[in-house]
Structure formats: C-alpha cells, structure tokens
Amino acid sequence: MYKLLTHNDLDGVGCGILAKLAFGKQVKVRYNSVASLNREIEFFLEHDSSDTFLFITDLSPNKENEQRLDNFYHSKGKIQLLDHHKTALHLNDYEWGYVLVEDNQGKLTSATSLFYKYLVKHRLLEPKDSIAEFVELVRQYDTWEWEKNENHQAHSLNSLFFLVSIDDFEEKMIDRLQTSEHFVFDELEKTLLNMEEDKIERYIRRKKREIVQSTVGAYITGIVYAESYHSELGNELGKEYPHLDYIAIIIMGGKRISLRTIHDHIDVSEIAGYFGGGGHQKASGCTLTEEAYNQFVVETFHLEPIQEDAKRNRYNLKQSSFGSLYKNRNDDVFLIYQEDEQNWMIERNKREMEHTFTSFDECERFLKRNFEAWLVRDDLFVEYLMHEVQKR
C-alpha cells in the first residue's frame with residue numbers, strides 16, 4: 001500500500017495523477033496546503049499501517065517532523081521525499097530526501113518531473129509519450145519556463161486546473177494519459193480556455209489599478225489584494241512596474257502571501273523564509289503571520305494605488321528627444337532628458353538634480369522608486385512645452 005502527501009497546486013496534483021497511474025487503487029493521495037502538511041504527517045505516523053510506503057512531494061516538513069520521519073525511516077525504511085524548492089535543500093541530508101532544483105542539463109525541475117523519473121527508474125510506471133508531454137507542461141508552467149518558450153499549452157493546462165475541481169481534473173487527466181498517445185485538449189476545453197483567458201486579462205487590468213507601492217525592509221514592494229490568478233498577476237504586475245523589487249499578493253481569505261519577482265537579483269524565497277514560508281527564487285509564499293500582517297497590511301492599507309503611465313501618448317514618450325515628463329502626487333514635475341551620449345539627467349520642478357544616470361531606464365527606475373512619479377498625458381506635456389517656449 002502507498003500513501004502520497006503532496007501540494008494542492010498543479011505541480012502537486014500532477015504528482016497525484018502519476019501516483020494513481022502507477023499504483024491505481026493501491027495508493028491514497030492527500031492534497032495539502034503548506035500549513036496542513038505537518039498535520040497529515042503526524043496522522044500518518046500515528047495511525048497508518050507500518051507497511052504503507054509514504055511519498056511526500058512538492059512540500060517539506062517542519063523540523064520536528066523531519067526527525068520523526070527520520071526515525072520512521074530507520075525503523076521501517078518506507079519513505080521517499082521529492083522536492084525542487086531551494087528552501088528544502090537541507091532535506092538532502094536525510095537518506096529519504098531528494099531535493100533537486102536544477103538538473104545536470106541546466107533545466108529547472110518540478111515535483112512532477114522528479115516523481116515521473118523516480119517512478120520510471122524504479123519500474124513502477126511505464127514511460128509513455130502522452131505522460132511525458134503532460135509532465136513537461138507541468139514542469140514548464142511551475143518553473144515559469146513556459147513564458148520564455150512561449151508554450152501557451154502549459155499555461156492553458158494550469159488554467160484548466162483552476163476551472164474544474166481537483167477530482168474532475170484528476171479523472172480527465174488519468175483517462176487521457178491512459179488512452180491517448182499524445183497530450184491534447186479537447187474542443188470543449190479549448191472553448192473554456194479561450195473564455196478564461198479573457199477573464200484573466202480583465203482581472204489583471206483591474207488589479208493594475210489597485211496595487212500600492214511601499215518600502216518593506218530593504219525592498220521597494222508592490223502590494224495588491226487578490227484571491228485568484230496569482231502567478232499570472234504577479235508576472236504581469238512585475239512587467240508593468242519593473243522598478244518594484246517584487247510583488248506581494250495578499251490572499252486575505254487564505255491568510256497567505258504570494259511573492260513574485262521578475263528580477264534575477266531578487267530571491268523571494270528568502271523573504272518568504274523570514275516569515276516561515278519558502279518556495280522558488282522568483283515565486284514563493286508564506287502564511288500571513290502577525291508580523292507579516294503588520295508590515296504588508298497595516299502599514300500599507302492607507303496608501304493610494306500606483307498611478308499608471310499614460311498609455312496613448314503620441315508626444316510625451318519615453319526616451320523622447322524632447323524629454324519625458326513625469327509628475328507625482330505632490331505635484332512635483334520631473335523631466336528626464338539626455339544631456340550627452342553618456343549621461344541622462346532629471347529636472348525636478350525645473351531644477352536639475354545632482355544625480356546623473358547612464359540610461360533612461362536607470363533614470364526612470366530612480367524616479368519611480370523614490371518619488372512614485374508617472375508619465376503624464378500628452379496635453380500636460382504640450383502645455384509644459386508651450387510654457388517653456390513663451391518664457392524664452
């Protein structure tokens with residue numbers, strides 16, 4: 001008999017699907033949040049048969065349960081943990097732990113990809129094209145590699161996962177992987193997915209108007225309240241506001257925070273770890289502890305949303321030879337302009353600031369991080385230029 005304790009996201013459920021393909025009715029699968037895993041481990045150790053082989057995927061236990069599992073392993077020898085999060089690497093110190101963030105070919109791993117290789121290697125599951133294709137879609141979505149590869153099928157798989165219940169998703173995937181040579185969506189799913197894409201776009205547009213900017217610790221952070229589409233939302237907000245170090249998505253219903261960044265020099269797993277969570281460098285999460293609640297909610301609730309840059313300008317454009325005009329809530333006016341081939345400058349209220357910059361992007365980043373300024377509409381820019389001409 002087998003038991004699998006795994007995460008309740010696409011990657012975790014991917015492991016559950018593989019387990020049922022491999023073991024059928026001989027496996028019991030339990031999907032868990034990060035917070036509920038340790039209760040499940042304690043229940044297993046106290047109540048399950050000692051003959052049951054325990055798999056843990058895509059999640060890691062707390063310190064107390066690490067020791068309990070190690071004791072169980074040395075007395076029974078029937079545990080295997082598979083994970084791919086940087087914050088779980090210490091579990092490689094145990095004989096029953098296998099944590100791999102990146103494989104020897106430089107590919108980021110997922111729990112589903114690690115579990116598939118384990119099952120095939122130990123001849124518990126026959127390799128098959130449709131299963132391998134499903135596993136790769138899960139891996140690319142979970143590592144966000146799908147965007148770089150423009151593999152929209154991976155993104156669609158995650159969208160489908162949220163459109164139906166876990167039980168229905170499991171049933172659909174197991175039947176498809178057992179009967180099909182290759183992984184494809186059926187016509188009904190394609191229709192539903194097109195509708196879902198439109199819904200996601202509308203949701204993200206609304207949240208772009210709600211995000212606030214704040215300094216949290218050493219970072220300039222974007223904070224937004226959202227219950228849905230956390231990966232898509234975090235990625236889009238990061239690209240819309242690249243001056244922010246990371247995006248903190250507050251999930252009040254679940255009392256959690258989801259952290260996302262688009263920057264290679266930021267590791268949000270370290271930030272999540274400070275609050276007792278963990279995850280990947282660019283995508284992590286943690287419980288909304290009292291300290292986190294104070295920093296991300298209490299201290300920022302009064303803030304006004306970030307003002308978006310003007311979108312339909314023809315004249316006040318970024319990197320324009322006329323300069324680019326910005327404004328902030330204090331009615332300070334900023335002009336970014338190129339002084340010579342090497343230097344970019346900022347005027348604040350028509351007075352040159354002391355800082356010099358090597359690029360427009362560096363100027364704008366400084367302006368947005370320190371003054372929360374935004375690119376103004378054409379009419380204000382034209383009015384500014386006319387006023388300057390009249391003065392001369």
Inset, instruction - Determine whether the side chains of E66 and Y94 contain a donor N or O and an acceptor N or O closer than 3.5 Å. - result: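 There is such a pair (donor and acceptor under 3.5 Å, judged by atom type) between the side chains of E66 and Y94.
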Inset, instruction - Classify the angle between the aromatic ring planes of F72 and F44 as parallel (below 30°), tilted (30 to 60°) or perpendicular (above 60°). - result: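 The rings of F72 and F44 stand perpendicular, inter-plane angle above 60°.
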Inset, instruction - Could you check whether the rings of Y2 and F55 sit parallel, tilted or perpendicular, using 30° and 60° as the cut-offs? - result: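 Rings of Y2 and F55: parallel, as their planes differ by under 30°.
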Inset, instruction - Go through the steps to decide whether K107 and E145 satisfy the test salt bridge (Lys or Arg N to Asp or Glu O under 4.0 Å), and finish with yes or no. - result: CA-CA 9 Å; K107 270 189 176 182; E145 198 175 293; 5.6 Å; no
Examine [X] and [Y] and state if one hydrophobic cluster contains both, with Ile, Leu, Val, Met, Phe, Trp and Tyr joined whenever side-chain heavy atoms are less than 4.5 Å apart.
| X | Y | result |
| --- | --- | --- |
| V13 | L59 | no |
| L233 | M252 | no |
| V298 | I257 | yes |
| Y98 | L37 | no |

Legend entry - Exceeds 12 heavy-atom contacts within 6.0 angstrom, atom CE of M195: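 Open: at most 12 neighbouring heavy atoms sit under 6.0 Å from CE of M195.
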Legend entry - More than 12 heavy atoms of other groups within 6.0 Å of K239 NZ: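 Enclosed.
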Inset, instruction - Compare every heavy atom of L193 with every heavy atom of S156, then report the nearest pair and how far apart it is. - result: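 So the minimum-distance heavy-atom pair works out to O-CD2, 3.2 Å.
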Legend entry - Where Q213 and L303 come nearest, the two heavy atoms and their spacing: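 Here Q213 and L303 meet closest at O-CD1, 3.4 Å.
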Legend entry - Positive for side-chain hydrogen bond (donor to acceptor under 3.5 Å, both in side chains) with K282, one of D267, T261, D264: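 Checked D267, T261, D264 against K282; only one passes side-chain hydrogen bond (donor to acceptor under 3.5 Å, both in side chains): D264.
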Legend entry - Test applied, side-chain hydrogen bond (donor to acceptor under 3.5 Å, both in side chains); reference residue, H155; option that passes from Q140, E197, E150, E147: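 It is E197; the other options fail the test.
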Legend entry - Under 4.5 Å side-chain linkage, directly or through intermediates, the cluster mates of Y326: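 Noted: Y326 shares its cluster with F334, I336, W344, I346, M353, F357, F360, F366, L367, F371, L375.
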Legend entry - K368 and its salt bridge (charged side-chain N to carboxylate O under 4.0 Å, His left out) partner, picked from D361, D245, D309: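 In the set D361, D245, D309, the residue that makes a salt bridge (charged side-chain N to carboxylate O under 4.0 Å, His left out) with K368 is D309.
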Legend entry - Inter-residue atom distance T215.OG1 - E299.CD, 0.5 Å rounding: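 Rounded to the nearest 0.5 Å, the OG1-CD separation comes to 11.5 Å.
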Inset, instruction - Supply the atom-to-atom distance K327 NZ to N349 CG, rounded to the nearest 0.5 angstrom. - result: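 Answer rounded to 0.5 Å: 11.0 Å.
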Legend entry - Side-chain donor/acceptor of D11 to backbone N/O of D9, under 3.5 Å: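 Absent.
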Legend entry - Donor-acceptor pair, side chain of H122 and main chain of Y118, under 3.5 angstrom: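 The answer is yes, because a donor-acceptor pair under 3.5 Å joins these two groups.
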Inset, instruction - Apply side chain to side chain contact (heavy atoms under 4.5 Å, CB included) to E196 and Y229, showing your working. - result: CA-CA 11 Å; E196 184 69 0; Y229 310 122; 2.7 Å; yes
Inset, instruction - Could you walk me through whether Y315 and F381 pass ring pair (Phe, Tyr, Trp, His ring centres under 6.0 Å), step by step? - result: CA-CA 8 Å; Y315 306 111; F381 180 58; 7.9 Å; no
